[in-house]
Amino acid sequence: MQLLPLGGGGGGANMEFTAGMIAGLIEGTVVGDPAAKVNNFAKIEEGRPGCISFLANDKYEHYIYETQSSVVLVNNSFEPKKEIQATLIKVADAREAVGKLLTIYESMKPKPKGISELAFVDPTAKIGENVYLGPFVAIGPGAVIGDGCILHPHATVGANAKIGEYTQMYSNSVVYHDCKVGARCVLHAGCVIGADGFGFAPTPEGYEKIPQIGIAILEDDVEIGANTCVDRAVMGATVVHKGVKLDNLIQIAHNDEIGSHTVMSAQVGIAGSAKIGEWCMIGGQAGLCGHIKVPNRTMIGPQTGIITPPKEEGKSIMGYPSMDSKEYFKSSVLFRKLPEMNKTILTMQKEIEELKKKLEENK
């Protein structure tokens, strides 16, 4: 994982923090020198002076005794087995504390502002205050860009589309005409919101396109990964509800509805008119059929194929076709034994045929 500096990103001067200051930010306890200074993050196995690292998994413990990092975050339960050179900050959850520090770092980075001379803004578009529009950004007629939005070079907002306040669009991300994006969303490079759904009617001459006249809606605090697509609806709206996080290379088809705070790993594909519940977790490369309804808090393993979803909330499923995860793991033990079992069955069949033959001869 490439870890970011506590300061310097975005053109600002490097920021330096002491162990004591960091402990105050994350409600930790310093063990060692509270004046130890850091200005960068590093993995514990790649630690350098002036860096802060963390230890949240016991299998990496051996690195803490040799790391060169100046400060290491550890769980309150950690007790060293030998001498450690680094200053420790003990916290309830080291991994969670790192996330909090990164969030603080991100909030302290200077935000770009202003409209580039190379950006195109239609005269009928409405642009909020403290907005950044980078070179070659294109804003269509009637579009609305909320306060504090950051649109990086080559981002495109179509006619009459609406972008909520403090939303960030990275390079080559696109929001099609009439679509709506909420506040504090993040659209990563190459993602597309509101492209046509895959709708075609077969005819003797070929496939005739069915116009997709609906829209796509992202509610507040949604994050869309690079090259992920959320298609517009045939009619009505494809809706991604509040707090949803989508990884890279995901397909959300027309008229889908994704429940609030659901998360998906890369390469998930969801066919049209599916309804995914709230707080679901979907592993990479899972595929879901159209017109199904997935209950709240369903856990879907990677590469799972869902034709018939569970009916109860909170189920964990895996495999293709999908089944309860416990049953899947039991079955997977048998999968590995199938060649041996097949050999045994063939041998038994042969022996049975021989016994039948002998019985016939003895009649």
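By convention here, the first residue in the shown sequence is residue 1. All values below were derived from every heavy atom in this structure, side-chain atoms included, with hydrogens, water molecules and symmetry-related copies excluded.
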Trainee: Under 4.0 Å between a Lys/Arg side-chain N and an Asp/Glu carboxylate O for K245 and D221?
Mentor: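 Result for this pair is no, no salt bridge flagged.
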Trainee: I'd like to know whether K43 forms a salt bridge (Lys or Arg N to Asp or Glu O under 4.0 Å) with E46, so could you lay out the CA-CA distance, the side-chain angles of the two residues, the decisive distance to 0.1 Å, and finally the verdict.
Mentor: CA-CA 5 Å; K43 294 189 292 187; E46 298 173 359; 3.5 Å; yes
Trainee: State, yes or no, whether a side-chain contact exists between C185 and L187 at a heavy-atom distance under 4.5 Å.
Mentor: yes
Trainee: With a 4.5 Å limit on heavy-atom distance, are the side chains of T238 and V230 in contact?
Mentor: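 Heavy-atom side-chain distance check passes, below 4.5 Å.
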Trainee: Distance alone, cut at 3.5 Å: any donor-acceptor contact between the side chains of E219 and H241?
Mentor: yes
Trainee: In the structure I gave you, are the side-chain heavy atoms of F136 and P153 within less than 4.5 Å of one another anywhere?
Mentor: no
Trainee: Please tell me if the side chains of L88 and F78 come closer than 4.5 Å, counting only heavy atoms from C-beta onward.
Mentor: yes
Trainee: Between I22 and L101, is there a side-chain heavy-atom distance shorter than 4.5 Å?
Mentor: yes
Trainee: In the structure I gave you, are the side-chain heavy atoms of I250 and C229 within less than 4.5 Å of one another anywhere?
Mentor: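 Side chain of I250 against side chain of C229, heavy atoms only: no contact under 4.5 Å found.
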Trainee: Begin from the C-alpha positions of D231 and Q251 and carry the test side-chain hydrogen bond (donor to acceptor under 3.5 Å, both in side chains) through to its verdict.
Mentor: CA-CA 8 Å; D231 289 348; Q251 164 65 16; 2.9 Å; yes
Trainee: Please answer: with hydrophobic residues joined when any side-chain heavy atoms are less than 4.5 Å apart, are V268 and L249 in the same cluster?
Mentor: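 No; L249 is not reachable from V268 via cluster members.
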Trainee: For the pair E351 and K356, find out whether any cationic side-chain nitrogen is under 4.0 Å from an anionic carboxylate oxygen.
Mentor: no
Trainee: Say whether D122 and T124, considering side chains only, have a donor N or O and an acceptor N or O under 3.5 Å apart.
Mentor: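 Yes, T124 and D122 have a side-chain donor paired with an acceptor closer than 3.5 Å.
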Trainee: Between Y63 and Y65, is the ring-ring contact (aromatic ring centres under 6.0 Å, His included) condition met? List the steps.
Mentor: CA-CA 5 Å; Y63 288 118; Y65 304 111; over 10 Å; no
Trainee: Under 4.5 Å between any side-chain heavy atoms of D247 and M264, yes or no?
Mentor: no
Trainee: Within a strict 4.5 Å, meaning less than it, do heavy atoms of the F17 and K37 side chains meet?
Mentor: no
Trainee: Look at K357 together with E354 and state whether they make a salt bridge at an N to O cut-off of under 4.0 Å.
Mentor: no
Trainee: I224 and side chain to side chain contact (heavy atoms under 4.5 Å, CB included): which single residue from V186, V181, I193 fits?
Mentor: I193
Trainee: Can a salt bridge be assigned to the pair K275 and E257 using a cut-off of 4.0 Å between side-chain N and carboxylate O?
Mentor: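 Salt bridge between K275 and E257, a charged N being under 4.0 Å from a carboxylate O: yes.
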